[in-house]
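Contents: one structure, followed by commentary.
Numbered from 1 within each chain, the chains take letters A, B, ... in sequence-line order.
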Amino acid sequence: MIDPVVMFFLLGIAAGVLRSELRLPVQVYELLSILLLLAIGMKGGIELARQPFLALVPQMLAVIAMGFALPLLAFPVLLYFGRLPRTDAASIAAHYGSVSVGTFAVVVAWLSARDISYEAYMPVFVVLLEIPAILVGIVLAKGLGSGDSLRRSAHEVLLGKSIVLLVGGLLIGWAAGEEGLKGIAPLFFSPFQGLLALFLLEMGLVTASQLGTLRRYGLFLLGFGVLAPVVAAICGLVLAWLLGLSVGGAVVLATLAASASYIAVPAAMRISVPEANPALSLAASLGVTFPFNVVVGIPLYHWLTRHAYAIFGGS
Amino acid sequence: MIDPVVMFFLLGIAAGVLRSELRLPVQVYELLSILLLLAIGMKGGIELARQPFLALVPQMLAVIAMGFALPLLAFPVLLYFGRLPRTDAASIAAHYGSVSVGTFAVVVAWLSARDISYEAYMPVFVVLLEIPAILVGIVLAKGLGSGDSLRRSAHEVLLGKSIVLLVGGLLIGWAAGEEGLKGIAPLFFSPFQGLLALFLLEMGLVTASQLGTLRRYGLFLLGFGVLAPVVAAICGLVLAWLLGLSVGGAVVLATLAASASYIAVPAAMRISVPEANPALSLAASLGVTFPFNVVVGIPLYHWLTRHAYAIFGGS
Amino acid sequence: MIDPVVMFFLLGIAAGVLRSELRLPVQVYELLSILLLLAIGMKGGIELARQPFLALVPQMLAVIAMGFALPLLAFPVLLYFGRLPRTDAASIAAHYGSVSVGTFAVVVAWLSARDISYEAYMPVFVVLLEIPAILVGIVLAKGLGSGDSLRRSAHEVLLGKSIVLLVGGLLIGWAAGEEGLKGIAPLFFSPFQGLLALFLLEMGLVTASQLGTLRRYGLFLLGFGVLAPVVAAICGLVLAWLLGLSVGGAVVLATLAASASYIAVPAAMRISVPEANPALSLAASLGVTFPFNVVVGIPLYHWLTRHAYAIFGGS
Amino acid sequence: MHQHQRRLLTIVTESTIEAHLLRDIQRWGAHGYTITEARGKGARGVREGNWEANRNIRIEVVCDDSSAERIAGGLRAHYYDNYAMILYLSNVDVLRPEKF
Amino acid sequence: MHQHQRRLLTIVTESTIEAHLLRDIQRWGAHGYTITEARGKGARGVREGNWEANRNIRIEVVCDDSSAERIAGGLRAHYYDNYAMILYLSNVDVLRPEKF
Amino acid sequence: MHQHQRRLLTIVTESTIEAHLLRDIQRWGAHGYTITEARGKGARGVREGNWEANRNIRIEVVCDDSSAERIAGGLRAHYYDNYAMILYLSNVDVLRPEKF
Ligand SMILES: Nc1ncnc2c1ncn2[C@@H]1O[C@H](COP(=O)(O)O)[C@@H](O)[C@H]1O
Ligand SMILES: Nc1ncnc2c1ncn2[C@@H]1O[C@H](COP(=O)(O)O)[C@@H](O)[C@H]1O
Ligand SMILES: Nc1ncnc2c1ncn2[C@@H]1O[C@H](COP(=O)(O)O)[C@@H](O)[C@H]1O
Ligand code: NA
Ligand code: NA
Ligand code: NA
């Protein structure tokens, strides 16, 4: 059966498509995303404190490398098969190389509902994957001479809402530990799934508003929005296997690879590559890939992982 | 003793009447109503899944019939005794024929606090009662030739916030069941009464702002605002008895009949019967009937029900 | 170790100082302060119902007297040592004579985390301390001839958001009792610390925006903002000892004395003493004293209390 | 820098009718619009904006003179009598006349 | 469509003084007003609007010329020196002059 | 009451670029600005304001004529082509000319 949180997403899409007057105030959207980002960060931080940090460094470097590689993979496809202008191809590549925290929250809820455990320090990977693709995207759009613009962009993303809250949450979780955070659990941890459900209701409404753009830009975006995440998920899965992650961890990493940013990257591209049409990248990442991952992708990546791990070995 | 949630309502009225600068941001109001509507819908849906649907159809038809009948009862009173213009009489009749979800939430909390059980699929009746009165109101105002306007209105109400969230909640509750929704309970179900308390605080502030209008329109509105719900409650009670509902169920149906809309109907009337003065209908429904039901009405309807059921038989 | 809620405050300051784009919508700030004020009020009210009210009257009068005395103590220091204009000195004195509900919430959370009990009717003192200093401030600024302005100010503060919600909460808590409020606990009581954490995140952002002003006004404000609370805390501690409060209660009263208003008083001064520069008083109360109390002051006052009580006797 | 004169039409009215109003003003010639949330007071009393029934919106439309006339006329004919609404027009200079 | 000229007075100031300000401008001749939430920067620094003490409101009043003068004068006399405030006037055309 | 004429420059654009835009218009001569949250529709489609990527802001700057020209010119050169943006200018009267 579909997960309840996904039902909220579908409700949002349905309401949007039917032109219902249902609207969530943007301030509610902001509150929800702040709570989710902090909660995700803190959960990661709690776990991080339990790990020997140095042991994670190799994994972290590998994940960063994937963050650089994925947009480089996507770019030529967009340029040659999609026949998109260079700036648009670069911008979309950056979106797909980076990650969507919303999708991450859904995969985590999906695994918890099925009692599948995963390496709980995964939020660290969310942070690590957010930025490299943006840098690659800018270089792809503007050439290597864009050093100044690069530095400013990196700076802006580092100080953007998502990184500040994720990293802040990580540090708080790491310093306070599970015990220390028991007092604030009733706001951040217990209602997590409910907050996610409400967030997905809103994302459904926003997704529905992207469908018009999608229609205008034809089939290529649709195809790319479905195939790119599957290919990326396989990359993530292979990497997870190489790093010796558990099945749950592999599903998370595959989903992160498959997910496309719709918050941090659009903002960064708007500033650094303003010539790129934001309608195009959002229609793909939010209008196609986000719903695909949430409804079809996550179960698919789990199925793939289980079979791959059964064949090639791994827990 | 007065219920705590009602105390919040009184606090809101007091703050408003004393011209305190207390104000709830409208976005908080919106968030609260979204959460309450979804929670009510889901609770109904969970219960609906436990019932053989077909067995409920006769009850549902009877309730719809009541939704058509109540405004037809109110209209002549408003027209002849109130000497109101036709459009105003029609609009007020529509308000009183329809229901108030806030009042529904209060009666449900009132019963729970007293461990009185009721047919838990009642939210379905909320949905069913919301619309018929609007159609009747438009016909009363504009005559039967208003088919086009009717269709548009029905469409708009169906896609209005309250119906979409109630029906969406019903479907999600029905599909996921109590077990499936355990994950989101800490946001939607556990804090329900607290959310309702905050909502009533805001409704108290809004109610206070209606009292000025009330004074201007004199005694008739005041009398109507108190008597109409009592008469309607008796209709609801009789219907509940005929349908074989439990005491709790009868109190809910009586309260639904007694309640007057202040969200969906005002919006619909504003569009479809713009000549009607909205100050008039809101002063009555929100300034008189809502506080009356919340503070006096619900205990009264319970008292009536218990005695009626004792005399005429019924559980 | 630092309390987690304080870590959120530091995260807010860090984000603000680094010019992150993190921003909490003002509506979220308002929702949080409404919830915190109501919760604090209700907790106090529950406790008040357990006390013989008359027995508290002497304590209440003593606390009110302290509310009049503290600003009279601060004023000459500001006037002669700070060489501030009369109106600014009066306004700052009013800020420091009154209290900060946010600081109160932090000390309460701090004590709970350490299982240190305190007289739970303390919220009553918050209410009592809020107003006297405002009246003193106006008289200091405008002379005793300002009777009319005084009356209007008292009226406005009494009907301001904080007093209405605190007193409203007190009354509801008093009337309903702990048992009666169990239904709304999941919104108001269980997530209290989480709500406080989020509130402090926002206060950190606001504090950071005060630091610029602070730099402009030099060292005196900084010194005053650190020393005034320590001196006031000692006054509060002495009073607590005289009143026979427990160690926990003494820490709360000391912290209340040490805290400086940044909500009710700024608004009142803006209206009644408009010549006073609000940047000055906010830089001191919010930019220095609030962080000082939250991070350093509370543990310090606890340390002082324990030693004082050990030496002079008291539980 | 060459500037072109256009009309700025500002409407303040009830938010309930937003969808219908936007459809109509576009039918009457608006190529775009800007909306801000508002509250206020007028002949129909205080509209505090703290609740769905008393919220205002403030709509601005930059357009040419004849569209402005048409929209203002349409609003007067279809909305003025029954809704809390004010409307005023002023002259503005724009840089890209083809947009409006 | 006959149009009548009126003055539009726009005030941007601290939200703390809203209640007093509204009472005064109505006393000085405003028949109505429209308020939007705002933030901004001026001589008294940045007012970010993220917190009660630094929120701005933007008030618009459509009125006749003499009321506009009276209100602007009153604001200058009673508010200008002590509050973050700007104020400007412009000409607008209205359709129903009796409202303003 | 002596009044002085100034220009009011109104910009409606994407909220994403707020920080950069404010820095630039101050560099080009604005002494202050007022911002309100907005949503709307124009050549680049509907911007509903329900989500970070489609929020608009409405910026007002009161300034002298030459600053207005400079800012408008700067915006045209650096922002017009790539961002959802409109911009218009009008005449306003102010009481304290030294502020702008
Ligand atoms: N004289 C005025 N100046 C500015 N805004 C006004 C004025 N009169 C009315 N309004 C606005 O227009 C809305 C509807 O006005 P009315 O139809 O007169 O009630 C009010 O709620 C105000 O927001
Ligand atoms: N030149 C300007 N253009 C537009 N708005 C301004 C200007 N100067 C000030 N403001 C607004 O008026 C408020 C108060 O201004 P001030 O008293 O100069 O600090 C500011 O917070 C801005 O919102
Ligand atoms: N004709 C117009 N009148 C008023 N506002 C407009 C108009 N055209 C565009 N806008 C506003 O400017 C924003 C950007 O416009 P555009 O670049 O044309 O998409 C829109 O989202 C609207 O808020
Ligand atoms: Na990705
Ligand atoms: Na009814
Ligand atoms: Na104090």
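Looking at L38(A), only its side chain comes within 4.5 Å of chain C, counting heavy atoms on both sides. Within the 4.5 angstrom heavy-atom criterion, only side-chain atoms of I34(A), from C-beta onward, approach chain C. Interface remark: F192(C) contributes no atoms to any contact with chain A (heavy atom separation under 4.5 Å). Both the backbone and the side chain of L195(C) have a heavy atom closer than 4.5 Å to some heavy atom of chain A. With a threshold of 4.5 angstrom between heavy atoms, L201(C) approaches chain A through side-chain atoms but not through N, CA, C or O.
Formation of a donor-acceptor pair under 3.5 Å by the S259(C) side chain with backbone atoms of V99(C) is not found in this model. Proximity of a side-chain donor or acceptor of S98(A) to a complementary backbone N or O of A94(A) within less than 3.5 Å is not detected. S285(A) places a side-chain N or O within 3.5 Å of a backbone atom of S261(A) that can act as its donor or acceptor partner.
In terms of non-hydrogen atom pairs under 4.5 Å with chain C, the most contact-rich of L35(A), L165(A), L158(A) is L165(A). For chain A, the option among A15(C), A197(C), G194(C) with the highest count of heavy-atom pairs below 4.5 Å is G194(C).
Residues W174(C) and M42(C) have side chains not in contact (no heavy-atom distance under 4.5 Å, counting atoms from C-beta outward). Two residues are said to be in side-chain contact when any heavy atoms from C-beta on lie closer than 4.5 Å; K161(C) and S33(C) meet this criterion. Contact annotation: the side chain of Y121(C) never approaches that of R50(C) to less than 4.5 Å [non-hydrogen atoms, C-beta and beyond].
Between F125(A) and Y118(A), the distance from one ring center to the other does not fall under 6.0 angstrom.
If you run ring-ring contact (aromatic ring centres under 6.0 Å, His included) between F290(A) and each of F104(A), F199(A), F9(A), Y96(A), only F9(A) comes through.
Judged purely by distance below 3.5 Å, without hydrogens or angles, the side chains of S246(C) and E119(C) pair a donor atom with an acceptor atom.
Near-neighbour residues of residues 17-28 of chain C relative to chain A, defined by a heavy atom under 4.5 Å from a heavy atom of that chain, comprise L18(C), R19(C), S20(C), E21(C), L22(C), R23(C), L24(C), P25(C), Q27(C), V28(C).
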